[in-house]
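Some notes on the structure that comes next.
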Number of protein chains: 2
Amino acid sequence: MDLRSIKYFIALANELHYWNTAAKMNITQSALSRQIQSLESELNVVLFDRNKRNVKLTPAGSFLKQKWEVELNELDFIHNFARQIHLGERGTIKIAHPDSISASIMPDLLATISSEFPKLQIELVQVLYENQQAFLSNYKIDLAITRDTNNTSGIKSTKIYTDNLALVVPEDHPYKTIKDVSTLSLAEQRFILPTIDEGSSYGLIIQNFFKSFDVVPEVYLQSEFGSTIIALVKKHLGIAILPDSYLHHESTGLRFIKLPFETDLYINWRADDHNPVLSNVLNLILKKL
Amino acid sequence: MDLRSIKYFIALANELHYWNTAAKMNITQSALSRQIQSLESELNVVLFDRNKRNVKLTPAGSFLKQKWEVELNELDFIHNFARQIHLGERGTIKIAHPDSISASIMPDLLATISSEFPKLQIELVQVLYENQQAFLSNYKIDLAITRDTNNTSGIKSTKIYTDNLALVVPEDHPYKTIKDVSTLSLAEQRFILPTIDEGSSYGLIIQNFFKSFDVVPEVYLQSEFGSTIIALVKKHLGIAILPDSYLHHESTGLRFIKLPFETDLYINWRADDHNPVLSNVLNLILKKL
DNA sequence: TTTATTAATGATTATTTTGCATTAATGGAT
DNA sequence: ATCCATTAATGCAAAATAATCATTAATAAA
C-alpha cells in the first residue's frame with residue numbers, strides 16, 4: 001500500500017469529486033479512480049459510495065480518513081526527525097573531558113556546538129584516566145578530550161589546544177615569578193601532584209620540569225582532580241603544577257606562575273564511528289581549532 | 001513510499017543480512033537492495049551502514065525501525081477496524097424507540113443484535129414524536145421505531161410488530177373485563193391519554209375505540225411518556241389506553257384489559273443510507289420479524 | 001594467497017501505473 | 001419527457017517502475 005494513494009484518498013475525501021481532486025493532485029481522473037480502486041481492493045473496504053454522479057464517504061471510509069490523517073502526520077514528523085538524526089542535528093553525544101578545561105575551553109566549545117546544533121543533546125562525563133580508552137571503545141562515550149595521545153588502534157586523535165604548565169602557589173608564597181624558582185628552594189617544597197600513570201605524556205612533562213632543575217620532588221599528596229588540588233594549595237598544604245587553563249577557575253588567594261613547559265589537549269574518537277552527530281561535532285571543533 | 005518497502009526494511013533491520021532477508025521475504029537480494037535504496041533516497045536518510053560484507057543500522061535507521069514498527073502495527077489495527085466497519089460489525093447505530101416497547105420487544109431485539117454483532121455499539125434514544133422524522137433525515141438517529149408509518153420521501157418503513165390496545169385501570173377499579181365497559185360508564189371515566197398529534201395513526205386508533213362506544217372521553221391529563229401515564233393510573237388519577245406491551249413493565253396494582261383494537265410498530269430508516277451497520281441490523285430485524 | 005561470502009549493479013524482462021479516448025449513468029434544464 | 005452537461009469507470013496503448021538474472025567487487029576467513 002502506497003502512502004501516495006492514501007494521500008490521494010484523503011484529498012478525494014475532502015473534495016468528494018474525482019476531476020477536481022485529480023487536478024489538484026496533478027494526475028488524471030483515470031489514475032485517481034484506479035488508485036482508489038486499488039486501495040479498496042487491497043483493504044477489502046469500500047471507501048466511497050459512488051455512482052456516475054456523486055461521491056460520498058462510507059462509514060469505513062470516513063473512519064479511515066480520520067485515522068489516516070493522523071497517521072500521515074505522525075509519519076511526516078518521524079521522517080523529519082530521522083532526517084535530522086541523519087544530518088547529525090539530533091541525537092546525543094557523550095563527551096569526556098579533564099577537569100582542567102571545564103572552566104576554560106569547554107564553555108566556548110559547548111557554546112559553539114549548541115549554537116550550531118541547537119537540538120543536539122550533549123552529555124558531559126568525567127572519566128578516570130585509566131577508563132577513558134575502554135569507555136570510548138565500548139561506546140560509553142563518543143568523544144574524549146585528554147592530555148595524552150591515544151595509541152590504541154581504532155581510536156583516532158588530534159591535538160586541539162596547547163597550554164602552559166604553571167606553578168600554583170598561595171598568594172603569600174615566596175615564589176613570585178619564575179626567577180624565584182631554584183633547585184635549592186624547589187627541593188624544600190611539598191608538592192601536590194596529579195596521579196601520574198605509567199607512560200602518560202602529561203606526567204612526562206611534569207617529570208621534565210623537575211629534571212630541568214635536577215630535583216626529585218617531595219610528593220606527599222596525589223589527586224586525580226584539579227579542583228581538589230587547588231583547594232589544597234589554597235589551604236597551604238603544598239604547591240602544585242597544573243595546566244595554565246585552571247586560571248579560569250575561581251582562583252583568588254592563588255598565584256599561577258607560568259612555566260616554559262607545554263601540555264597538549266587531544267580529542268579522541270572511534271575511527272569507525274559513522275554517527276553523523278559525531279562527525280558534525282568533530283568538524284566543528286577542528287574547524288574552530 | 002510503499003508500506004511494503006518499510007516492511008522489508010524492518011525485516012532487514014532484524015536480520016542485518018540481505019540474502020537471508022530476501023529469502024524470508026520471497027524476493028531476490030537484488031530487489032531488496034533496490035527497495036532499501038529507494039527508501040533511502042526518498043527519505044534522504046541513510047538507513048544502513050554497509051559495505052560488501054556487513055550491514056549495520058545507522059542511528060537514524062535504528063530510530064526509524066523503532067518508530068515504523070509502532071506505526072505499522074497501528075495501521076494494521078486501523079485497517080482491520082475499517083474492515084469490520086465495512087462488514088457492519090463495528091460502528092455505532094442510533095435507534096429511537098417509543099417508551100411502550102422498552103420492556104417488551106426492545107430487550108429481545110437488542111439481545112439478538114448484540115449476539116450477532118457483539119462489537120456493535122448501540123445507542124438508544126427517546127425522541128419526541130414530532131422530532132422523529134427530522135432526526136432521521138438529519139442523521140441524528142439511524143433507525144426509528146414508531147407507531148406511525150412515515151410518509152416522507154427518502155424514508156422507508158416496514159411494520160415489524162402488532163399489539164393490542166388495552167384499557168389500563170387500577171386493580172380495584174370496577175372494570176374487570178371488556179364486558180364491563182359500556183358507553184355510560186366510559187363517559188364517567190377520567191382519561192390520561194398520550195399527546196395525540198394531528199394525523200397520527202396511533203391517535204386515530206384510540207379515537208376509533210371511543211367512537212365505537214359513541215363516547216367523547218374526558219381527557220384531563222396528557223403525557224408523551226407511557227411510564228408517566230402508568231404511574232398516574234396507579235395513583236387513581238384516571239384510567240388510560242396503552243399498547244398491551246406495557247404489561248411487560250412493572251405493573252403490580254394495575255389491570256390491563258385487552259381491547260379489540262390493534263396498533264402497529266414500524267421501523268423507519270433513510271432509504272439512501274448505505275451504512276453496512278444499518279443494513280446488517282435491518283436485515284436481522286426483518287429476518288426475525 | 002586463495003576462497004567463500006555478500007552487497008551492489010547493468011541488462012533484460014515483467015509488472016504496474018498512467019494517460020487518452022470513450023462509455024454509461026444521472027441530475028437538471030428546456 | 002427529452003436533451004444536455006457532468007462525471008466516474010474502463011479498454012487500450014504507452015510509459016514508468018520493479019523484479020530477476022548474471023555478474024562484479026569488496027573483504028573476512030582459511
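Computed from a predicted model, the values in this text were never measured in an experiment.
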Integer-rounded Å distance: dA7(C) P and D49(B) CG: 14 Å

Separation of atom OH in Y18(A) from atom P in dA25(C), rounded to whole Å: 17 Å

Short N-O contact, D142(A) and R270(A), less than 4.0 angstrom: yes

d(CD, E42(B); P, dA18(D)) in whole Å: 9 Å

Side-chain donor/acceptor of R53(A) to base of dT6(D), under 3.5 Å: yes

Protein-nucleotide distance (E40(B), atom CD; dA7(C), atom P), rounded to Å: 14 Å

Any N/O donor-acceptor pair, R4(A) side-chain to dT17(C) base, under 3.5 Å: no

Check against side chain to side chain donor-acceptor pair (under 3.5 Å), Q37(A) and S41(A): CA-CA 6 Å; Q37(A) 284 171 27; S41(A) 73; over 6 Å; no

Atom pair distance, as rounded to whole Å: CD in Q37(B) and C1' in dA18(D): 13 Å

Sugar-phosphate only, base, or nothing, as touched by Q29(B) at under 4.0 Å among non-hydrogen atoms: base

Whole-Å distance separating the CZ atom of R50(A) from the P atom of dA24(C): 19 Å

Whichever of N51(A) and I27(A) has its nearest DNA chain C nucleotide further upstream toward 5': I27(A)

Value in whole Å for how far the P atom of dA8(D) lies from CZ of F48(A): 11 Å

Rounded distance (Å) that lies between atom C1' of dT17(D) and atom CD of Q35(A): 13 Å

Sugar-phosphate, base or nothing in reach of A31(A), heavy atoms under 4.0 Å: sugar-phosphate

Distance test, side-chain N/O of W19(A) to OP1/OP2 of dA8(D), below 4.0 Å: yes

Residue S30(A), side-chain atoms from C-beta onward, closest of dA8(D), dC21(D), dC20(C): dC20(C)

Any H79(B) side-chain heavy atom under 4.5 Å of M1(A) side chain: yes

Non-hydrogen side-chain atoms of I145(A) and Y161(A) separated by less than 4.5 Å: no

Under 3.5 Å: donor-acceptor pair, side chain of N283(B), backbone of S279(B): yes

